[in-house]
Amino acid sequence: MPRRLFFGYLIVRTRFAPSPTGYLHVGGARTALFCYLEARARNGVFILRIEDTDLERSTPESVQAILDGMEWLGLDYDEGPFYQTQRFDRYADVVQQLLDDGRAYHCYCSKERIEGIREEQMKAGLKPRYDGHCRDGAEAVAGVKPVVRFRNPHQGDVVFDDLVRGRISISNTELDDLVIARPDGSPTYNFTVVVDDMDMKVSLVIRGDDHINNTPRQINIYQALGAELPDFAHVPMILGDDGARLSKRHGAVGVLQYREDGYLPQALLNYLVRLGWSHGDQEVFSLQEMIELFDIRQVNRKASAFSTDKLDWLNQHYMKTLPPAEVAEHLVWYFEKAGINPEKGPSLADLVSVQADRVKTLREMTDQSRVFYEDIGDFDAGAAKKHLRPVAEQPLRAIGNRLADLEIWEPERLDQVVRITAEELEVGMGKIAQPLRVALTGTAISPSIDKTLWLVGRERSLARISRALEYVMARAAAV
RNA sequence: GCUCCCUUCGUCUAGCGGUCAGGACGCGGCCCUCUCAAGGCUGAAACACGAGUUCGAUUCUCGUAGGGAGCGCCA
């Protein structure tokens, strides 16, 4: 139970603490979402902390990618971003405090020695551990700057009740004296996490389950510091479509890549929240519903595979059900990237209303909507061969004439005109719609013919029909 | 090797001792139809295995197998 008292209120404080060594991947995004949801559900505080103590691998680009990813998803935080690199003085103070209290000690062992015992232990079938050589006082070695090791208890078990895994227990004999500060004084991960979570009064630590094994040693540090323990919730990781660990070869793994690929943030969020968690048979959740219904305690313990197919379905669901104008706002970004001027055709909201149930992503929608905004090039060879044959001349001419007289250019009227023309010529709809479709779009695939006409617009439609007629006649003449 | 963790349709999951093991994605069929979709109806598809406990186990216990993570002066 998150319990931290502030001004008489019980308040939850969660944090998302990525290290900026790459993009914000979907696993991290889900962890962030869970943190966000837990905080929002209880009027708590969500903190963002950048764990950039690894100067070698951390980059400003990655920091930006994380920030951008959070923003795109709409996961706004209340405090931070805090950067660990700006807290080195604080860590140094705490290290000194531990040293003064005898809870930590200097270790002069060489890396070579450590590696040597590690190998021996592995060979002997043991778990490699520091042997405590310097634990009871070591001679300073000339010219060697010592590391600082945490004095881990030798006795007892560390037991904690993980909110998703249940009770986890590990014997202190399995743990060793971990390094908390390097020779240059820089702090290490397991130590900074504890100091930060303590200082930031984090009451609920939600993180990937690859940290389960770190938790007991962190708990020992908390105790050495006399700090109150937070609750822990370790969520399983996300695997690729094939069940293997997520990696570059699975395509999109960075959250922003999903934007590039045409997914709505709502869709990704909805997909992510359902990965490892459910609420009965419900599949679709608005952000508000997620906040109300989500409970970290109900999260699964097993790793789950990411299904792009299901994400696609959700994405289309949102494109179909969100107000077209709202989807259109997202679509602008793709039009810009594709170099299409949305001013040169139908309103994007109208476009969305007809294209939404025909495509899976906004990117596809963009690609397939070019014909409504720009001139079409050559007819698709196969489509033209099949539909722009001499027999198409009469239907095209007939529909062209009727359309030229049409005053109100809207789907219902357009549909009527096409039907009437077909009846008059005593042919099926296909005989007229298909040639017309190729004339209007250059291809045999497009929205229903009335909607296609509507989107292409009056002037363009008439011009394209004339052009197709010329093509048909030229072809007839050539035979 | 050692420690910790995990195991229901292909995938995401419901189940919390007695269910025809439910839903969703995907897949198949039918319907609708001017193409492609979307939609409607419908079908195939799962309790890893073995012992217990119990009148009765998917559900509880213990093993086995399989999988994952950690064992850093990385985070």
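Remember, predicted model here, so these are calculated numbers, not experimental data. Chain letters run A, B, ... following the sequence lines, proteins first and then strands; every chain starts at 1.
When both distances must be under 3.5 Å, the Watson-Crick or G-U wobble mate of B:G10 is B:C25. When both distances must be under 3.5 Å, the Watson-Crick or G-U wobble mate of B:C4 is B:G68.
Put simply, A:R118 has a side-chain N or O that comes within less than 4.0 Å of OP1 or OP2 on B:G72. For B:U13, one of the phosphate oxygens OP1 or OP2 lies less than 4.0 angstrom from a side-chain nitrogen or oxygen of A:S304. Distances shorter than 4.0 Å separate none of the side-chain N or O atoms of A:K145 from OP1 or OP2 on B:C73. Between A:N300 and B:U13 there is a side-chain polar atom (N or O) within less than 4.0 angstrom of OP1 or OP2.
No salt bridge links A:R413 with A:D450; every basic N to acidic carboxylate O contact stays at or beyond 4.0 Å. Note on A:D415 versus A:K451: no salt bridge recorded, every NZ/NE/NH1/NH2 to OD/OE distance being 4.0 Å or above. Between A:K123 and A:E119 there is no salt bridge, since no side-chain N of the basic residue sits under 4.0 Å from a carboxylate O of the acidic one. Ion pairing between a basic and an acidic side chain is recognised when a charged N comes within 4.0 Å of a carboxylate O; A:R57 and A:D54 show such pairing. Using a 4.0 Å cut-off between a side-chain N of Lys or Arg and a carboxylate O of Asp or Glu, A:R167 and A:D161 qualify as a salt bridge. Taking 4.0 Å as the cut-off between side-chain N and carboxylate O, A:K145 and A:D184 do not count as a salt-bridged pair. With respect to A:D131 and A:R113, a salt bridge is recorded, a charged nitrogen being found less than 4.0 Å from a carboxylate O.
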Which atoms of nucleotides 21-25 of chain B (N or O only) lie under 3.5 Å from a protein N or O atom, and what are those distances?
unit_1 : atom_1 : unit_2 : atom_2 : d
B:G22  : N2     : A:D281 : OD1    : 3.3
B:G23  : N2     : A:R274 : NH2    : 3.4
B:G23  : N2     : A:E283 : OE2    : 3.2
B:A24  : O4'    : A:E283 : OE2    : 3.2
B:A24  : O2'    : A:K310 : NZ     : 3.4
B:A24  : N3     : A:K310 : NZ     : 3.3
B:C25  : OP1    : A:W313 : NE1    : 3.3
B:C25  : O2'    : A:K310 : N      : 3.2

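Between A:G125 and A:Y189, the residue anchored closer to the 5' end of RNA chain B is A:G125, taking for each the nucleotide with the nearest heavy atom.
Scanning for side chain to side chain contact (heavy atoms under 4.5 Å, CB included) contacts around A:K360 gives A:D312, A:Q316, A:E364, with sequence neighbours left out. Scanning for side-chain hydrogen bond (donor to acceptor under 3.5 Å, both in side chains) contacts around A:Q96 gives A:D100, with sequence neighbours left out.
Looking at heavy-atom distances under 4.0 Å, A:A444 makes contact with a base. Contact annotation for A:H211: base contact, defined as any heavy-atom pair under 4.0 Å involving a base atom.
With B:U8, B:C5, B:A38 as the choices, the nucleotide that has an atom nearest any side-chain atom of A:K302 turns out to be B:U8. Set against B:A38, B:G1, B:A75, the side chain of A:K360 has B:A38 as its closest nucleotide.
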I'd like to compare against my own output: the B/S/- annotation of nucleotides 27-34 of chain B with a strict under-4.0 Å heavy-atom distance to protein. -------B
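Non-hydrogen atoms lying under 4.0 Å from RNA chain B are contributed by nothing in residues 391-400 of chain A. Sorted by residue number, the members of residues 105-115 of chain A with any non-hydrogen atom under 4.0 Å from RNA chain B read A:C109, A:K111.
Checked against a 6.0 Å centroid threshold, the rings of A:F379 and A:Y471 count as neighbours. A ring-centre distance under 6.0 Å is not found for A:F191 and A:F88.
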Using the rule given for ring-ring contact (aromatic ring centres under 6.0 Å, His included), can you reason through A:Y318 versus A:H330, listing the C-alpha separation, both sets of side-chain angles and the distance that settles it, and then say yes or no? CA-CA 12 Å; A:Y318 279 103; A:H330 289 273; over 10 Å; no
Working note: A:D177 + A:R217, criterion salt bridge (charged side-chain N to carboxylate O under 4.0 Å, His left out); need CA distance, chi angles, decisive distance, verdict. CA-CA 9 Å; A:D177 293 347; A:R217 49 178 85 241; over 6 Å; no
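Atom C1' of nucleotide B:U35 and atom CD of A:Q368 are separated by 12 Å, given to the nearest angstrom.
Expressed to the nearest 0.5 Å, how far OH of A:Y271 lies from CG of A:L314 amounts to 9.0 Å.
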